[in-house]
Amino acid sequence: MSSIPSATVGRLVTYLRILTEFETAGVRTTSSDELAAVAHVSAFQVRKDLAYFGRFGTRGAGYTVATLRRELRRILGLTRPWHVAIMGMGRLGQALADYPNFDRHEFLLAAAFDVDPAVVGKSYGSLTVEPVTELGRAVAERAIDLAFLTVPGGAAQVAADALVAAGVRGILSFAPTVVVVPAHVRVERVDLSAGLQRLTYYLHDALAMAT
Ligand code: NAD
């Protein structure tokens, strides 16, 4: 599966969201043209992305929404619940703990950790903050697979090392620094500044064209 381009994986997530909206709206069948139009990609791209995983549609008849949605959920590993920890319960960690929508997807917030004794013991959403010394036990007992990494940049590597040592296999890092992990662990970075920079590229471009 590592030979699949990560851009394809990102688009599969988009297709799944669109199919979920279609299903909610009572749409039963769709086509690569229709999916492409909503996802802002070409129909060729949709077919190419799906072709990595086999054949899903019927020539001429398109895709059954429920079937394609089920297949994408399987491909994306969403047919089982994933237990998620929050590492670093400052402003961002607290906001994530209060976000009610993860459990509408397959993600269950299972634990929150911090090194600051002033934060440990406080409750946010359904979680009570635990000391990092409890990480190994909690990960094993609650089968925690994934973690949000919401510590300052200077602490990100130490915190990631602790997560990896405890057995966490996937880290969604909000820290502005790069963290290095062993090959069996996957890190994805969320970078809001990079998102803003992509926006300014397009706005700047549009402004330059208009003048
Ligand atoms: P914050 O300072 O409010 O909270 C950080 C928390 O991490 C604190 O409670 C601290 O005690 C804890 N911590 C420090 N070292 C730790 C360790 N080794 N193990 C566990 N906990 C530890 O910070 P914040 O505003 O919540 O931001 C958190 C991170 O997210 C920062 O790295 C920040 O740069 C980043 N951030 C990223 C984006 C983005 O777009 N990616 C946006 C906002 C914030």
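When a residue number appears, it is its place in the shown sequence, counting from 1. When a ligand or atom number is given, it counts from 1 through the structure's own listing order.
- Residues M87 and L163 meet the side-chain proximity criterion, which asks for heavy atoms closer than 4.5 Å.
- Under the 4.5 Å side-chain criterion, counting only non-hydrogen atoms from C-beta, T133 is not in contact with F113.
- For R186, the CZ atom counts as loosely surrounded, since its 6.0 Å shell holds 12 or fewer non-hydrogen atoms of other residues, nucleotides or ligands.
- Each of the atoms 19 (N), 20 (C) of ligand 1 lies under 4.0 Å from some heavy atom of V132.
- Within the 4.5 Å cutoff, no side-chain heavy atoms of Y15 are placed close to those of T20.
- S32 and R47 share a donor-acceptor pair across their side chains, judged by distance under 3.5 Å alone.
- Applying the 4.0 Å criterion to heavy atoms of V190 picks out, from ligand 1, the atoms 39 (C), 41 (N).
- Close approach to A155 involves these atoms of ligand 1, each under 4.0 Å from a residue heavy atom: 15 (N).
- At a heavy-atom cutoff of 4.0 Å, ligand 1 is contacted by the backbone of M89 but not by its side chain.
- Close approach of ligand 1 to P176 is summarised as follows: ligand atoms under 4.0 Å from at least one heavy atom of the residue are 32 (O), 34 (O).
- Of all atoms in ligand 1, numbered sequentially from 1 with element shown, those under 4.0 Å from a heavy atom of G153 are 32 (O).
- D114 places a side-chain N or O within donor-acceptor distance of the main-chain N or O of M89, the cut-off being under 3.5 Å.
- Against a heavy-atom cut-off of under 4.0 Å, T150 is close to the following atoms of ligand 1: 5 (C), 6 (C), 7 (O), 28 (C), 29 (C).
- Taking every heavy atom of D116 and a limit of under 4.0 angstrom, the matching atoms of ligand 1 come to 11 (O).
- Residue A175 approaches ligand 1 through these ligand atoms, each under 4.0 Å from one of its heavy atoms: 32 (O).
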